[in-house]
Structure formats: structure tokens, C-alpha cells
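Structure in C-alpha cells, see below.
Everything numeric here is computed off the predicted structure, so don't read it as measured data.
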Amino acid sequence: MHDTQLTTAWRSPSNIAIIKYWGKHGDQLPDNPSLSITLSKAHTETRITARRLNAGESASIIFLFEGKENPSFGKRVAIYLQRLSEFVPCIKEYHLTIESENSFPHSSGIASSASAMSAIALCVADLQSNIDRKTHDAAFWQQVSSMSRLGSGSACRSVYGPVSVWGYTDMVPGSSDEYAIPMPHVHPVFQTLKDTILIINDTMKAVSSSVGHTLMDGHPFAKARIAQAKQNLKILLPALHSGDLITFGKITEAEAMTLHALMMTSDPAYLLLEPNSLHVLQRIKAFRESTGVPVYFTLDAGPNVHLLYPQEYKDTVREWILGELIIFCKDGRIIEDHAGVGPERI
């Protein structure tokens, strides 16, 4: 006998890719393996209330984002849930009210779809687990990661923390194109890594990541990019094990610049960096060279800059940000984040 009404709520984090995933094929499968750091404060909170359908009723969905109906994203969520119904049969048996909110600006170059889609996957998988009276074992988390991928490729990495890998590579046992896995044997310095996100612009970006991935089809540098990503991962993995910050930083910044170079050489070409993004990047390098503080940058598909650095330097870096970089941030906004452990039920 199924319950007439069920409620579940999850907080799922965004993640910041170190080895970037850019370009896909098949059913949301990556053209190259990627590796990311799971965040903590940049997250999505999603609550789903499920009411069992009465006789003659059809399944329906109400989607509220930050208290308001969001028809465009609601349509995307409805299509996503239809895809998930083969894994989670209860979707067809309940009316769903989905309430979601972010702790950070939506669609501005922080992986909002990663946290949003993984949070939804967690909620619906949890509902099915409650109905089936099953526990959250390793198979549950693997299925959630696979389900998350169908909504947004990078979402599959948000299911694990503090570091996860998505995409098959013989360098990481157990890796798969279908789901992400937690990265084993990560040095403590990366498990507590700080990430201060400088909000250069919080408006919706001009070109979505989904469109950006599509533009990799036929891209003149696609083959070289795939080879580069694999080589960078090969160099990065030992650094993550040993705590080699210099190698980590070199690869991290190179991957960020490559991502935006691919955008600028797509057809049509486009640019998501802004003048203030470039001002910040120049100052990061100058600060690192003058002080020796191991602070490095990365970028997602947008203008905002992530500053990555060990926890022990947090006071020094914060003072520098407030003294020199804050003027480049919209309304002086920053998000002080750090490597996280993954999703949690709320």
C-alpha cells in the first residue's frame, strides 16, 4: 500500500571542474573524462511533495523556483522527470510539487544545473526508496549519479565529495561514462581546499552550457582538446595524491583558459569573459608571484572567477580580495566556499 503523500528534501552542492568536460555524445556521455571539486555553500535546496493520484487523474508537476513559477526551467524539469520515470516508477503515480532555491546566482557561470538536477534526482530516488523501503546503499548513490547525468552532465559529479571523476579512463579504476565516482586517495590539502567565488556578473549568460557543448561538434580543435584533457588528467592525478599544489595550479589554470579558448573558436564564436574577469586574472598571477601564496584561478562557463587555495592561507587571501579584487565584483559580492562532502538530506 503506497502512502497518499510523501515529502523529501535534499541539499545538493555545485561543483567546480578542474579537468573540464566540454563536448558530449550519445545520451549525455562525455567526450573526455573530467574531475571536479565538490563545493559546499554553493548549493541547491529542493523539496518535493508527492501526492498519490486519485483514480482518473493524470500525473502533473508544479515547479517553483525561489517561490515563483519558472515556466522555462519548469519545462526542462518536466522533460527530465519524464526521462527518470523509467528508473523511478513513482513519478507516474504521484502529483509532484517541486520547490527549489539556490544559494548563488542562477545561470551565471556557476554550475547551477549541476546542483539543481542532482538535487531533483536525489529527491525522486529518495521517494522511490521510501516506497520500496530500501536503504541508501552504494547502488543508490550510483543510480542517483547516473540519473543526475541525464539532467545535466556535470550534475553526476555533485553526488560525491570532495573530489569526483566522471568519464571512463584507465587511470581511475571504476570510472565510467555513465556516472561519476568519488576520487580515492586525495591529499588532505585538497579535501579542505578553499574556493572564493568572485561574482563578476550575476546575470544570465548569453550562451548556455548546453549550446556550448553542441558547438564542440565539428569544432576544429575538438580532437586535440580530448587528447589534452586526458594528458592533463594524467599529470593531475599524482599531484592530488601527493599534495603538489604547484602542479595542481598549473593544470587548473590551463584548463580554465582552454575552456574559454574553445568558446572563442567555436562557430559561431562567443565570449563569456568580461573585462573585470581579465583584470582579476592578471592580479591573481601578480599576487602569487610577489607573495608566493599558492592561490590559483579557475573558471566555469561564465565570467565569474574561482580562487582556489589552501585553508591555511584564508586570512591572507581574504584580506587581499577585500583590498584589491572586490572592486571588480558586482555589488562587491563574493561567495566564500570550500571543498564539501556532497549532498545531504534536509
**Report entry** Hydrophobic cluster membership, Val295 vs Ile200, 4.5 Å side-chain cutoff
**Finding:** yes
Query raised in the report: Quick one: are Leu281 and Glu253 in side-chain contact, heavy atoms under 4.5 Å?
Result: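 Not touching, per the 4.5 Å side-chain cut-off.
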Query raised in the report: With a 4.5 Å limit on heavy-atom distance, are the side chains of Leu262 and Met216 in contact?
Result: yes
Query raised in the report: Is the backbone N or O of Leu6 less than 3.5 Å from a side-chain atom of Arg52, with the two atoms forming a donor-acceptor pair by type?
Result: no
Query - Parallel, tilted or perpendicular: rings of Phe328 and His279 (30°, 60°) - result: parallel
Query raised in the report: Would the number of heavy atoms belonging to other residues, nucleotides or ligands and lying under 6.0 Å from NZ of Lys230 be above 12?
Result: no
Report task. Calculate, to the nearest 0.5 Å, the distance between atoms CG and CZ belonging to Leu236 and Phe248 respectively. Result -> 7.0 Å
Requested in this report: Start with the C-alpha distance between Thr46 and Ser100, add both sets of side-chain angles, then the distance that settles side-chain hydrogen bond (donor to acceptor under 3.5 Å, both in side chains), and finish with yes or no.
Outcome: CA-CA 4 Å; Thr46 297; Ser100 185; 3.2 Å; yes
Query - Test log, rule side-chain contact (heavy atoms from CB on, under 4.5 Å), inputs Ile251 and Ile19 - result: CA-CA 8 Å; Ile251 295 296; Ile19 303 295; 3.7 Å; yes
Query raised in the report: Is the backbone of His338 close enough, under 3.5 Å, to the side chain of Asp195 for a donor and an acceptor to pair up by distance?
Result: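 Side chain of Asp195 to backbone of His338: no pair is present.
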Requested in this report: Give, for atom SG of Cys329 and atom CG of Leu322, the distance between the pair rounded to the nearest 0.5 Å.
Outcome: 9.5 Å
**Report entry** Side-chain (Gln128) to main-chain (Cys90) donor-acceptor, under 3.5 angstrom
**Finding:** yes
Query raised in the report: Mind checking whether Asn32 and Arg225 have side chains closer than 4.5 Å, heavy atoms only?
Result: yes
Query raised in the report: Any donor and acceptor pair, going by atom type alone, linking the side chain of Asp137 with main-chain N or O of Ala139 inside 3.5 Å?
Result: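 Side chain of Asp137 to backbone of Ala139, a donor-acceptor pair under 3.5 Å: yes, one is there.
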Query raised in the report: Ile181 versus Pro173: any side-chain heavy-atom pair under 4.5 Å?
Result: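 Sidechains of Pro173 and Ile181: no contact.
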Query raised in the report: Considering only heavy atoms from C-beta outward, does the side chain of Ser164 approach that of Ser36 to under 4.5 Å?
Result: yes
Query raised in the report: Are Leu240 and Met171 grouped together when hydrophobic residues (ILVMFWY) are joined by side-chain heavy atoms under 4.5 angstrom apart?
Result: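 Yes, Leu240 connects to Met171 through the hydrophobic network.
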Query raised in the report: Can any side-chain N or O of Gln142 pair as donor or acceptor with the backbone N or O of Tyr179 at less than 3.5 Å?
Result: no
Query raised in the report: Going hydrophobic residue to hydrophobic residue with side-chain gaps under 4.5 angstrom, can you get from Ile79 over to Phe65?
Result: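 Hydrophobic grouping puts Ile79 apart from Phe65.
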Query - Residue pair Ile326 / Gly332: nearest heavy atoms and the distance that separates them - result: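 The answer is CD1-O, 3.2 Å.
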Query - Chi angles and distances behind the side-chain hydrogen bond (donor to acceptor under 3.5 Å, both in side chains) call for Tyr80, Ser152 - result: CA-CA 9 Å; Tyr80 175 46; Ser152 170; over 6 Å; no
Query raised in the report: Where do Thr4 and Tyr94 come nearest, in terms of heavy atoms and distance?
Result: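 Closest approach of Thr4 to Tyr94, heavy atoms only: O-CE2, 4.2 Å.
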Query raised in the report: Using 30° and 60° as the class limits, which term best fits the ring planes of His213 and Trp22: parallel, tilted or perpendicular?
Result: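 His213 vs Trp22 ring planes: tilted.
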Report task. Please check if atom CE in Met257 has more than 12 non-hydrogen atoms from other residues, nucleotides or ligands closer than 6.0 Å. Result ->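 Result for CE/Met257: open.
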**Report entry** Derivation of the side-chain hydrogen bond (donor to acceptor under 3.5 Å, both in side chains) call for Asn15 and Thr38
**Finding:** CA-CA 4 Å; Asn15 65 78; Thr38 306; over 6 Å; no
Query raised in the report: If every non-hydrogen atom of Val189 is compared with every non-hydrogen atom of Gly243, which pair is closest and at what distance?
Result: CG1-CA, 4.0 Å
Query raised in the report: Should Phe297 and Thr252 count as side-chain neighbours, where that means a heavy-atom distance under 4.5 Å?
Result: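 Not in contact.
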Query raised in the report: Atom OG in Ser103, atom CG in Asp337: separation rounded to 0.5 Å?
Result: 7.5 Å
Requested in this report: Take atom CZ of Arg283 as the centre, draw a 6.0 Å sphere, and report whether it contains more than 12 heavy atoms from other residues, nucleotides or ligands.
Outcome: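 More than 12 within 6.0 Å, yes.
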Report task. List the steps, then state whether side-chain contact (heavy atoms from CB on, under 4.5 Å) holds for Lys20 with Thr258. Result -> CA-CA 9 Å; Lys20 307 294 186 182; Thr258 293; over 6 Å; no
Query raised in the report: What closest approach, in Å, do Gln28 and Gly153 show between heavy atoms, and which atom pair accounts for it?
Result: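 Minimum heavy-atom contact is NE2-N, 3.5 Å.
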Query raised in the report: Is it the case that more than 12 heavy atoms not belonging to Arg47 sit under 6.0 Å from its CZ atom?
Result: no
Report summary line: Paired with Arg51, the side chain to side chain donor-acceptor pair (under 3.5 Å) test is passed by just one of Glu57, Gln5, His95, namely Glu57
Query raised in the report: To the nearest 0.5 Å, what is the distance between CG (Asn232) and CG (Leu35)?
Result: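 Rounded to the nearest 0.5 Å, the CG-CG separation comes out at 11.5 Å.
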Query raised in the report: So Phe287 and Val293, side-chain contact (heavy atoms from CB on, under 4.5 Å) or not? Walk me through it.
Result: CA-CA 8 Å; Phe287 176 76; Val293 174; 3.9 Å; yes
Query - Flag for Ser242-Asp244: side-chain donor and acceptor within less than 3.5 Å - result: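 Absent: no donor and acceptor within the cut-off.
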Requested in this report: Look at atom CD of Glu66 and say whether more than 12 heavy atoms of other residues, nucleotides or ligands are closer to it than 6.0 Å.
Outcome: yes
Requested in this report: Output the distance between atom OG (Ser266) and atom CG (Leu271), rounded to the nearest 0.5 Å.
Outcome: 11.5 Å
Query raised in the report: Between Tyr160 and Ile18, is there a shared hydrophobic cluster once you connect ILVMFWY residues whose side-chain heavy atoms come closer than 4.5 Å?
Result: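 No; Ile18 is not reachable from Tyr160 via cluster members.
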**Report entry** Least distance between heavy atoms, His25 atom then Asp31 atom
**Finding:**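 Answer, listing the atom of His25 first, then Asp31: ND1-OD1, 3.0 Å.
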**Report entry** Residues Leu237, Met183; criterion side-chain contact (heavy atoms from CB on, under 4.5 Å); working and verdict
**Finding:** CA-CA 9 Å; Leu237 290 174; Met183 182 68 203; 3.4 Å; yes
Query raised in the report: Going by heavy atoms in the side chains, are Ile284 and Trp320 under 4.5 Å from each other?
Result: yes
Query raised in the report: Does Ser14 reach the main-chain N or O of Ala42 with its side chain, forming a donor-acceptor pair under 3.5 Å?
Result: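 Here the side-chain-to-backbone pair does not exist.
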Query raised in the report: Got a donor-acceptor contact below 3.5 angstrom from the Ser145 side chain to the Cys156 backbone?
Result: yes
Query raised in the report: With a 4.5 Å heavy-atom cut-off, do Ile91 and Gln82 have their side chains touching?
Result: no
Query raised in the report: Hey, is the main chain of Asp27 close enough, under 3.5 Å, to the side chain of Arg149 for a donor-acceptor pair?
Result: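 Between the backbone of Asp27 and the side chain of Arg149 there is a qualifying donor-acceptor contact (under 3.5 Å).
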Query raised in the report: So, does Asn70 use its side chain to make a donor-acceptor pair with the main chain of Leu64 at under 3.5 Å?
Result: no
**Report entry** Ile48 with Ile131, same ILVMFWY side-chain cluster at under 4.5 Å
**Finding:**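 The answer is yes; both residues are in one hydrophobic cluster.
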Requested in this report: Using the six-membered ring wherever Trp is involved, compare the ring planes of Phe63 and Phe73 and label them parallel, tilted or perpendicular (cut-offs 30° and 60°).
Outcome: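 Correct class here is tilted.
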**Report entry** Check: Gly302 main-chain N/O paired with Asp300 side-chain donor or acceptor under 3.5 Å
**Finding:** no
Requested in this report: Please round to the nearest 0.5 Å and tell me the distance separating atom NZ of Lys92 and atom CD of Glu86.
Outcome: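 It is 8.5 Å, given to the nearest 0.5 Å.
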Query raised in the report: Run the salt bridge (charged side-chain N to carboxylate O under 4.0 Å, His left out) check on Lys41 and Glu336 step by step: do they pass?
Result: CA-CA 8 Å; Lys41 294 184 180 180; Glu336 296 182 276; over 6 Å; no
Requested in this report: Please name the pair of heavy atoms, one in Ala78 and one in Ile61, separated by the smallest distance, quoted to 0.1 Å.
Outcome: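 Closest heavy-atom pair between Ala78 and Ile61: CA-CD1, 3.9 Å.
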Requested in this report: Start with the C-alpha distance between His219 and Thr265, add both sets of side-chain angles, then the distance that settles side-chain hydrogen bond (donor to acceptor under 3.5 Å, both in side chains), and finish with yes or no.
Outcome: CA-CA 8 Å; His219 195 291; Thr265 51; 3.2 Å; yes
